[in-house]
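In what follows, every chain begins at residue 1, and chains take the letters A, B, ... in the order their sequences are listed. Values in this document were obtained by computation on a predicted structure and should not be read as measured data. Atoms considered below: every heavy atom in the structure, side chains included; atoms not considered: hydrogens, waters and symmetry mates.
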Amino acid sequence: MPARTPQQSHPASGIARVAVPSPLRRLFDYLIPANTHVQPGIRVRVPFGSRELTGIIVAIVDQSDIETSQLRPITEVLDHDELIPSHLLDLWLWAANYYQHPVGDALHSLLPAGLRKKSAASIRSHHSDPSQPEITPTDTDIPTPNSQQNEAIRAVNDSSGQFNSFLLDGVTGSGKTEVYLQCIDHILKQDKQAVMLVPEISLTPQTIERFRQRFSAAIAILHSGLTPRQRLNAWLEAASGVARIIIGTRSALFTPMAQPGLIIIDEEHDASFKQQDGFRYSARDLAVLRARHESIPVILGSATPSLESLYNANTGRYRHIQLTQRAGTASMPTFQLVDTRRQLSEAGLSSDLLLATARHLKQGGQVLIFINRRGFAPVLHCEDCGWTSECPSCDARLTVHRKPPHLCCHHCETRQPVPDHCPDCQGKSLGTGGTGTEQCESALATAFPDTPVLRLDRDATRRKGELERILKQINNGEPCILVGTQMIAKGHHLPGVTLVGVLDADNGLFSADFRGQEFMAQMLIQVAGRAGRASQPGEVLIQTSNPEHQSLQTLVHDGYHALARTLLNEREAAAMPPYGYLVIIRAEAVSMAAPQRYLTLARQVINSQIHSQQLNDIEVHGPLPAPMERRANRYRQHLILKSSSRSVLQSLLTPVCQILEGRSESRRVRWSVDVDPLDML
DNA sequence: AGCACGCCGACT
DNA sequence: GTCGGCGTGCTC
């Protein structure tokens, strides 16, 4: 027992159960000094080993499992009022437990950074950046909703003050946002608050502007670009009730609200609602739970709902509201599949697509080319000896970039100059394989010398303000060609676009991941949604080497929902989500053998638990190498668990994680648990 | 995760 | 002699 500074007598007035920031899956008990008022949901400073940390009280108890003489007292109370309301704290704890993440670390990560240390939780004004600029709403003419929108608005408004989940399933341009706005308006009139979650990339100034124009109520924005102080202010404004509308990405779901009234998840199918590292929670799933806890309605909105949400709508867990009418005169775009096996293509562009591009430009339209690969080409190879540009740190190939010229890995930080001869055979015949956005951009610039060609990908928009500049040029309405990655699929309003070309639809068709087809379909519909929003009808050309593929045929001829139904049938037959539940235990290490060895141990621990608890209905697969086994010089393995029962997985995992945590082998690998994984990568 | 402790090799 | 590598244990 290490020597401790002798304590004065501490007439304890109860014991506080504290979540301490550490990777340990348990709470720690502390004595509450006399004359100290504490309650669950406040921060305290506590001694922890040889350190002092900021923890969160989650309960007050009068008996500890630890002998009282072993308990140490709370050093300092940081909040005098409840910081995290009890129903919200329950959600935080539930989430840490469900996603099998160490409770102290989970709760710590949900606090805004400004509250993780000692500082007091108070709003301080910032001269350089007032969090509430004075704007009076100018948008006085509120559009009149159509009958479908009215029905949606009425359904949500009728359930204010009680829990209800709505799947707002509306085609692009059907006016989902107007439904959100009117439901928020109704909530504001009851002196309640609304929180809206949006995907990472779509929290644009335009989105925010639309809300500021519409409402005079204070709006708190929570996005990644804020300084810690701005973020803290927004958080505290929501918690205190000063802010009436909270708009933010994933983590905004955990923001306290003084008078909660409504939760909205926009683009609910979007992958960014699932955190992909550390505490791997799903903000979309937790939103429904929060709404239930707080007895308020929740709206999940999308033009391409996730199979999970469609399933929940089918089974009656969500109320399914469909918006099928497009606003104004806009009509649905027409789809056409282009067989790339039959057409010579230059830089991945088929002659059909080039001809269509010329036609639309001539008619004054804008053209959008979607290609989900940035850079010039995905590989450099030697035509003499077959050498390819492998990444030294990953099981991947280095991508060729021309602007500026370099080779780089899209999975790690590796960056190399472009060799002028083959490193293996010294030959001079180096060629590129495949097409990226840069190559597509330059090929189109050559083919259409009189038309501006704009590229929209992570590289082109790296510089701040560059995205806005490109969008502004598009919005001037002049004919142009826009080449881009995923970035262009999401949200941006591009009224001048009349033709959309999709270069590589095959990628999603043959993805190793079980959600590959779902993601592909959502992507194609989202991209197609960019076309024909204005008066001219849109045209969508999808290039594929498998035009006869059943999924593509169904999507193109019968639409997203028809494909969703067949994909759901396939999932049911395979007992995959949403008909079964998955958990992945991941392990990675610098040595090749360690992760597999570790997960073999994990599997033994699992088997003995299954045996001792007499669990059935659990499948265990692996250890298996991850789809890209080596990444950034680390070897990665997976252990996959599957069951038709969440609670069975839960009662298996809790003791398994506890046991693994205590094993010394756990220190020699990086391991994590992913409950309801989005993909196997 | 941190951090302390303790046990071995190697170097001023 | 002692500086420092990392394996092991502990945190209410």
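At the heavy-atom level, A:Ser22 lies nowhere under 4.0 Å from the strands shown. Counting non-hydrogen atoms under 4.0 angstrom, A:Pro47 reaches the backbone sugars and phosphates but no base. Among the protein residues, A:Arg667 comes within range of the nucleic acid bases, having at least one heavy atom under 4.0 Å from a base atom. Base contact: A:Leu24 has a heavy atom under 4.0 Å from a base atom. Among the protein residues, A:Tyr30 comes within range of the sugar-phosphate backbone only, with heavy atoms under 4.0 Å from sugar or phosphate atoms but none that close to a base.
Between the CG atom of A:Asp277 and the P atom of B:dA1 there is a distance of 14 Å, rounded to whole Å. The distance between atom CZ of A:Arg670 and atom P of B:dA1, rounded to the nearest whole Å, is 8 Å. Atom CD in A:Gln70 sits about 12 Å away from atom C1' in C:dC10, given to the nearest Å. To the nearest angstrom, P of B:dA1 lies 17 Å from CZ of A:Phe279. For A:Phe48 and B:dA4, the CZ to C1' distance is 14 Å, given to the nearest whole Å. Here the C1' atom of nucleotide C:dC12 and the CG atom of A:Asp29 are 6 Å apart, to the nearest Å. As a whole-Å value, the separation of A:Glu665 CD from C:dT8 C1' is 12 Å. Distance A:Arg25 CZ to C:dT11 P: 19 Å, rounded to the nearest Å.
Residues A:Ser645 and A:Ser643 bring no donor and acceptor atom of their side chains to less than 3.5 Å of each other. Side-chain contact, A:Ser272 with A:Asp270: a donor N or O sits under 3.5 Å from an acceptor N or O.
Put simply, A:Arg663 has no side-chain N or O that comes within less than 4.0 Å of OP1 or OP2 on C:dG9. Of the side-chain N and O atoms in A:Arg51, none sit less than 4.0 angstrom from OP1 or OP2 of B:dC3.
Ion pairing between a basic and an acidic side chain is recognised when a charged N comes within 4.0 Å of a carboxylate O; A:Arg462 and A:Glu466 show no such pairing. Under the 4.0 Å criterion applied to side-chain N and carboxylate O atoms, A:Lys274 and A:Asp674 are assigned as salt-bridge partners.
At a cut-off of 3.5 angstrom, the base of C:dG7 holds no donor-acceptor pair with the side chain of A:Arg668.
The side chain of A:Arg72 sits closest to C:dC12 out of B:dA4, C:dT11, C:dC12.
A:Val656 pairs with exactly one of A:Val583, A:Leu641, A:Ile606 by the side-chain contact (heavy atoms from CB on, under 4.5 Å) rule, that one being A:Ile606.
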